[in-house]
Number of protein chains: 2
Amino acid sequence: MAGLTAPLLGLQKKSLREQALSALRTAITSGELAPGRHLVETELSEMLQISRGTLREALRQLEQEGLLSAGPRGRLSVRHLDEKEIRDIFAVRAALESLAARTLCELPDRAHAIESLHKTIDVMEAAQDASLEERIESDMEFHRTLCRLTGNETLLHSWQSLEGSIRMSIMFGGLEKGVKNMSVDRHREIVSAIETGDASLARTTIRAHMDSAAANLVA
Amino acid sequence: MAGLTAPLLGLQKKSLREQALSALRTAITSGELAPGRHLVETELSEMLQISRGTLREALRQLEQEGLLSAGPRGRLSVRHLDEKEIRDIFAVRAALESLAARTLCELPDRAHAIESLHKTIDVMEAAQDASLEERIESDMEFHRTLCRLTGNETLLHSWQSLEGSIRMSIMFGGLEKGVKNMSVDRHREIVSAIETGDASLARTTIRAHMDSAAANLVA
DNA sequence: TGTAAGTCGACTGTTTACAGTCTGTTCTAG
DNA sequence: CTAGAACAGACTGTAAACAGTCGACTTACA
């Protein structure tokens, strides 16, 4: 876990709290901090080289993102997801991304959006032989972009609040299973559906993508 | 704003942070802290009679709920919603509640859920002549229950994260306009749709309810 | 020996005080 | 009148400390 301090020494632009947040998020979704692991404030603050106060602000945020769960007397531990929870997370994710797809379908001028989406898929394609982590990263970027392009800030925000849980699901289900869902074709299919402007088709395509993704993970 | 301290003196079970959170949430969604209002940490901590550290933890959470927006150098102010944002919030809300309705439709044994929902509508009905605040409260309770009954914790959590924004939308649009959406019949209609088990119908009913609610608010 | 009481240590919740930094404002010297 | 210094307000981050609580361990007693 020594790697935890490293990310903080770099980019000084963000506040310490945000740096700690990123470092912890990464540590959790990468499995460095295993599910169920108990977190001790004084330990973490020492590891991250920040004060307890600042750390606690970050912890509250992670708690709300669903990466940490609170036990008795406020004791935090890394959340553990069971299969039902993974399915539930993907159900919510599907609902959000369906809305995104539907919204994009109704966009009169969606050529630019289509292009942006294809670009993120190009990145995915280029990362075919890269590490699992990089492939997952490019996949997340596609879906995040899908939400961002709608221009609905609330939608993007809700999706991002779920992002940590999604990443945990993938990690919990196994990265190998996770990347199975990241076929380039499936994603092009989604973009095509949006391109047609058929909201119903787009919704169905997204839902199918998510259902199979969740099914793969818990299989 | 003197009322801010009062809620803290009551129920001592929760931590100071949670008490502050509730107090601030109420102050914001009730309009006591007006949109755009700049918040000063030392002022608030003095008003709420808690330390800055504890306050900051609460503020982080409100920020993530979308009730506060951060300006340059971390200066927080009460978020101001324009009409597009209200529509966006209700679009996301519709997506979440559609999922809830669909999930309940697929529940083999949904008699109990149906009953619970009717009960919350009974409360709404009884509150017909109560204050606007109470009527809104009973409406929120119905929709929250809708999400809770699915047993999907992530869905409930996402909805609750949005709850503050929803309340702000109603406040911003005007309470009078807000209660227009709370007809008992419309809600019974939603429950009936779920009772039939027709997921598509349920989804359509929810969506129509939300669309008209959003339209009323920004009208 | 078994159990009940007492002790100790580990953590969290919360407060206070303080240092550093940024920014806008005000006051003064030229 | 204006450039620049001095200042006040506000946020970020830190360190140290204390109370309360709960589990674990120890001890004393029947």
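In this entry the distance linking NE2 of B:His38 with C1' of D:dA10 reads 7 Å, nearest Å.
Contact record, A:Ile89 with A:Ser169: CD1-OG, 3.7 Å, taken as the closest heavy-atom pair. B:Trp159 and B:Met140 get closest at one heavy-atom pair: CH2-O, 3.7 Å.
Within 4.0 Å (heavy atoms only), A:Glu41 reaches sugar-phosphate atoms of the nucleic acid but no base atom. Using a 4.0 Å heavy-atom criterion, one finds that B:Leu55 contacts no nucleic acid atom at all.
With sequence neighbours left out, B:Ser69 forms a side-chain hydrogen bond (donor to acceptor under 3.5 Å, both in side chains) with no residue at all. For A:His157, there are no ring pair (Phe, Tyr, Trp, His ring centres under 6.0 Å) partners two or more places apart in sequence or in a different chain.
Screening residues 76-114 of chain B for ring-ring contact (aromatic ring centres under 6.0 Å, His included) gives B:His80-B:Phe172 as the qualifying pairs, with residues at least two apart or on separate chains. Listed by first and then second residue, the salt bridge (Lys or Arg N to Asp or Glu O under 4.0 Å) pairs that reach into residues 156-165 of chain B are B:Arg144-B:Glu163, B:Glu163-B:Arg167, sequence neighbours excluded. The salt bridge (Lys or Arg N to Asp or Glu O under 4.0 Å) contacts involving residues 104-121 of chain A comprise A:Arg102-A:Glu106, A:Glu115-A:Lys119, where partners must be two or more places apart or lie in separate chains.
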Pairs under 3.5 angstrom only: tabulate donor-acceptor contacts from the side chains of residues 53-67 of chain B to other protein residues two or more places apart or in another chain.
residue: B:Thr54; atom: OG1; partner: B:Ser51; partner atom: OG; Å: 3.2
residue: B:Arg56; atom: NE; partner: A:Glu57; partner atom: OE2; Å: 2.8
residue: B:Arg56; atom: NH1; partner: B:Glu41; partner atom: OE1; Å: 3.4
residue: B:Arg56; atom: NH1; partner: B:Glu41; partner atom: OE2; Å: 3.1
residue: B:Arg56; atom: NH2; partner: A:Glu57; partner atom: OE2; Å: 3.1
residue: B:Glu57; atom: OE1; partner: A:Arg60; partner atom: NH1; Å: 2.6
residue: B:Glu57; atom: OE1; partner: B:Arg17; partner atom: NE; Å: 3.2
residue: B:Glu57; atom: OE2; partner: A:Arg56; partner atom: NE; Å: 2.8
residue: B:Glu57; atom: OE2; partner: A:Arg56; partner atom: NH2; Å: 3.3
residue: B:Arg60; atom: NE; partner: A:Glu57; partner atom: OE1; Å: 2.8
residue: B:Arg60; atom: NH1; partner: B:Glu63; partner atom: OE1; Å: 2.9
residue: B:Arg60; atom: NH2; partner: A:Glu57; partner atom: OE1; Å: 3.3
residue: B:Glu65; atom: OE1; partner: B:Arg25; partner atom: NH1; Å: 2.8
residue: B:Glu65; atom: OE2; partner: B:Arg25; partner atom: NH1; Å: 2.5

N/O donor-acceptor pairs under 3.5 Å from side chains in residues 124-131 of chain A, not counting sequence neighbours:
residue: A:Glu125; atom: OE1; partner: A:Arg188; partner atom: NH2; Å: 2.8
residue: A:Gln128; atom: OE1; partner: A:Arg135; partner atom: NH2; Å: 3.4
residue: A:Ser131; atom: OG; partner: A:Glu134; partner atom: N; Å: 3.2
residue: A:Ser131; atom: OG; partner: A:Glu134; partner atom: OE2; Å: 3.4

List the atom pairs, with distances to 0.1 Å, where a side-chain N or O of residues 210-219 of chain A and a protein N or O form a donor-acceptor pair under 3.5 Å, not counting sequence neighbours.
residue: A:Ser212; atom: OG; partner: A:His209; partner atom: O; Å: 3.4
residue: A:Asn216; atom: ND2; partner: A:Asn181; partner atom: OD1; Å: 2.6

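Using a 4.0 Å cut-off between charged nitrogen and carboxylate oxygen, B:Arg79 and B:Glu85 count as a salt-bridge pair.
B:Thr145 and B:Glu141 are linked by a side-chain donor-acceptor pair at a separation below 3.5 angstrom, with hydrogens and angles left out of the test.
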Worksheet item: Can you give one letter per nucleotide of nucleotides 13-18 of chain D, 5' to 3': B if a protein heavy atom sits under 4.0 Å from the base, S if only from the sugar-phosphate, - if neither?
Response: BB--B-
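Comparing the axis of the opening five pairs of the helix from C:dT1-D:dA30 to C:dG30-D:dC1 with that of the closing five pairs yields an angle of 20°, rounded to 10°.
Contacts with DNA chain D (heavy atom under 4.0 Å) in residues 59-70 of chain A: none are found.
A donor-acceptor pair is defined here as one N or O able to donate and one able to accept, closer than 3.5 Å; no such pair exists between the side chain of B:Asp88 and the backbone of A:Thr154.
Chain B approaches DNA chain C over the interval C:dT14 to C:dT23, counting the first and last nucleotide 5' to 3' with an atom under 4.0 Å from its heavy atoms.
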